[in-house]
Amino acid sequence: MGYCLSTQNMNKVILDWSKDYLIYAPKTFVGGHCFSDKDLVRYAQIDKFEDIVFDKKSDYSFKEVLLPLSQTLFYYTEDSVKEPSIDKKGAIIFLRSCDLHAVKRLDEIYLHNGFEDYYYNRLRTKVKFVLMGCQESFDSCFCVDMGTNKTELYDCSMDFKNENIYINNQNKEWDGLFEAFTKTSIDVVPAFVKENATKVNIPENLTTDVTRSKMWDEYDTRCINCGRCNFVCPTCTCFTMQDIFYTDNGKAGERRRVWASCMVDGFTDVAGGGRYRQKNGQRMRFRVLHKVYDYKKRYQYHMCTGCGRCDDVCPEYISFSNCINKLQGAMEEVTDHAK
């Protein structure tokens with residue numbers, strides 16, 4: 001069903017939703033950017049429609065709602081273990097098509113990868129998704145070439161134009177709520193991006209032979225292994241474990257899982273003092289091929305959704321889309337060398 005609501009009436013919908021849900025959407029934090037003269041757009045709880053940022057891409061993804069940066073798994077004492085409680089309310093998350101595709105990837109990893117992650121699932125089952133229509137592409141986006149510019153996997157969609165909110169609702173439980181604030185239903189088709197300024201081409205003949213290319217050597221010096229690309233990426237899912245001790249004897253505390261990055265020192269450390277991928281170029285090689293090669297070999301679609309956040313956040317101006325576009329030349333290089 002399609003509806004057209006005023007901002008005032010949409011706020012009434014949000015007020016009704018807030019009885020049962022925590023509502024998350026891209027929100028502006030004035031002066032909150034790492035550069036002092038810039039604002040930051042990131043996901044946070046909102047209580048009115050005016051808080052939602054439609055005309056800018058969020059600097060960080062929705063991921064931290066479903067995968068908290070630091071998440072307590074359990075508390076323990078000498079003779080007991082206690083699971084942390086979670087909010088009784090569910091969550092509604094406003095996100096774009098590329099990020100909805102990222103949810104599919106998170107679900108694949110945490111729910112359908114031979115096991116079901118309990119901590120992820122207990123949050124995931126309480127979430128509804130509102131698709132934010134994209135009127136136009138942002139500069140660094142390449143969702144069209146990644147096939148993530150369109151989706152039908154949402155509870156409802158919202159497009160904000162001409163001071164009205166146009167809604168395509170697929171959750172029958174919400175029909176009555178929307179109908180209470182509009183007299184007639186209309187046909188609404190969400191706005192999807194049809195073309196990006198940034199283009200990528202993943203070679204059809206891509207194989208692991210590309211690991212022998214010299215293209216990776218460039219990143220030994222360019223990359224500073226800060227890991228920012230991992231933390232803004234909606235499909236990076238790695239974490240490490242931390243035990244927090246409350247007393248000196250270590251008999252009370254908590255265990256947390258905390259985001260980790262394949263680009264930083266220590267990620268590949270193993271028992272006995274071994275360390276893999278010590279060079280930054282090797283780490284870049286691993287990250288790129290994980291996003292556009294080996295994940296697809298297993299699941300038949302790419303891990304990268306083309307959101308472009310990694311391009312935006314890199315302090316060394318390393319472009320992930322450019323890395324992808326270098327793969328064709330790298331394959332030709334290693335093929336010619338083999339001859």
Side-chain angles (χ1 to χ4, degrees), residues 57 61 97-98 101-102 105 108 137-150 193-238 261-265 267-268 275-339:
K57 178 169 58 178
S61 79
S97 176
C98 60
H101 280 272
R105 283 131 178 90
E108 195 76 70
S137 174
F138 299 104
D139 290 342
S140 59
C141 297
F142 50 99
C143 57
V144 175
D145 287 336
M146 300 308 297
T148 60
N149 56 311
K150 295 182 179 181
V193 170
K194 297 180 180 179
E195 186 175 5
N196 302 129
T198 300
K199 311 285 187 183
V200 297
N201 176 49
I202 302 172
E204 292 292 335
N205 65 334
L206 186 63
T207 68
T208 53
D209 290 339
V210 78
T211 59
R212 295 185 282 106
S213 170
K214 295 185 181 300
M215 71 167 278
W216 311 110
D217 297 342
E218 169 189 347
Y219 304 105
D220 286 341
T221 53
R222 284 193 65 193
C223 176
I224 60 173
N225 55 280
C226 66
R228 292 175 70 181
C229 52
N230 295 118
F231 294 140
V232 300
C233 176
T235 64
C236 280
T237 59
C238 292
S261 165
C262 60
M263 299 301 294
V264 304
D265 293 337
F267 183 81
T268 58
R275 175 181 293 179
Y276 302 96
R277 298 193 296 273
Q278 296 188 43
K279 293 184 177 181
N280 293 341
Q282 295 172 336
R283 299 172 187 180
M284 180 64 73
R285 180 190 67 198
F286 172 80
R287 180 170 180 269
V288 171
L289 294 184
H290 187 41
K291 298 293 184 183
V292 300
Y293 177 71
D294 59 75
Y295 184 91
K296 186 181 180 183
K297 292 283 285 187
R298 181 166 186 171
Y299 297 113
Q300 287 72 59
Y301 59 91
H302 292 296
M303 192 178 195
C304 176
T305 64
C307 73
R309 290 187 179 96
C310 52
D311 284 24
D312 300 331
V313 79
C314 181
E316 294 297 303
Y317 302 102
I318 295 172
S319 169
F320 188 76
S321 54
N322 282 345
C323 290
I324 294 175
N325 287 330
K326 290 178 181 179
L327 293 175
Q328 182 64 57
M331 282 302 300
E332 294 173 0
E333 171 200 335
V334 295
T335 301
D336 291 342
H337 187 266
K339 294 177 180 179

- Query: So, D311 versus S319: side-chain donor-acceptor pair below 3.5 Å or not?
  - Reply: yes

Flag the pair [X] / [Y] as yes when at least one side-chain heavy-atom distance between them is below 4.5 Å, and no otherwise.
X	Y	value
T305	T235	yes
C226	P315	yes
P234	R309	yes
C143	S97	no
F231	V313	no
V288	Y293	no
C98	C307	yes

Answer yes or no: does atom [atom1] of [X] have more than 12 heavy-atom neighbours from other residues, nucleotides or ligands under 6.0 Å?
X	atom1	value
E195	CD	no
D139	CG	no
K214	NZ	no
K150	NZ	no

[X] and [Y]: which non-hydrogen atoms are nearest, and at how many Å?
X	Y	value
V264	R283	C-NH1, 3.4 Å
A330	V210	CB-CG2, 3.5 Å
C323	Y219	SG-OH, 3.2 Å
D145	N196	N-OD1, 4.3 Å
V200	N325	CA-OD1, 3.1 Å
H101	G147	CE1-O, 3.8 Å

- Item | Inter- and intrachain pairs under salt bridge (Lys or Arg N to Asp or Glu O under 4.0 Å), touching residues 290-301, at least two apart | none

- Task: Step by step, work out the side-chain hydrogen bond (donor to acceptor under 3.5 Å, both in side chains) result for S140 and K57.
- Result: CA-CA 10 Å; S140 59; K57 178 169 58 178; 2.8 Å; yes

Could you give the distance from [atom1] ([X]) to [atom2] ([Y]), rounded to the nearest 0.5 Å?
X	Y	atom1	atom2	result
E204	Q328	CD	CD	9.5 Å
C229	F320	SG	CZ	8.5 Å
M215	R285	CE	CZ	11.0 Å
N205	M331	CG	CE	4.5 Å
H302	I202	NE2	CD1	3.5 Å
L327	L289	CG	CG	6.5 Å

- Task: For S261 and F267, run side-chain contact (heavy atoms from CB on, under 4.5 Å): C-alpha distance rounded to whole Å, both residues' side-chain angles, the deciding distance at 0.1 Å, then the answer.
- Result: CA-CA 7 Å; S261 165; F267 183 81; 5.7 Å; no

- Residues that Y295 engages under side-chain contact (heavy atoms from CB on, under 4.5 Å), provided they are two or more places apart: R105, E108, I109, Y299, Y301, M303

- Item | side-chain contact (heavy atoms from CB on, under 4.5 Å) evaluation trace for K326 with S213 | CA-CA 10 Å; K326 290 178 181 179; S213 170; over 6 Å; no

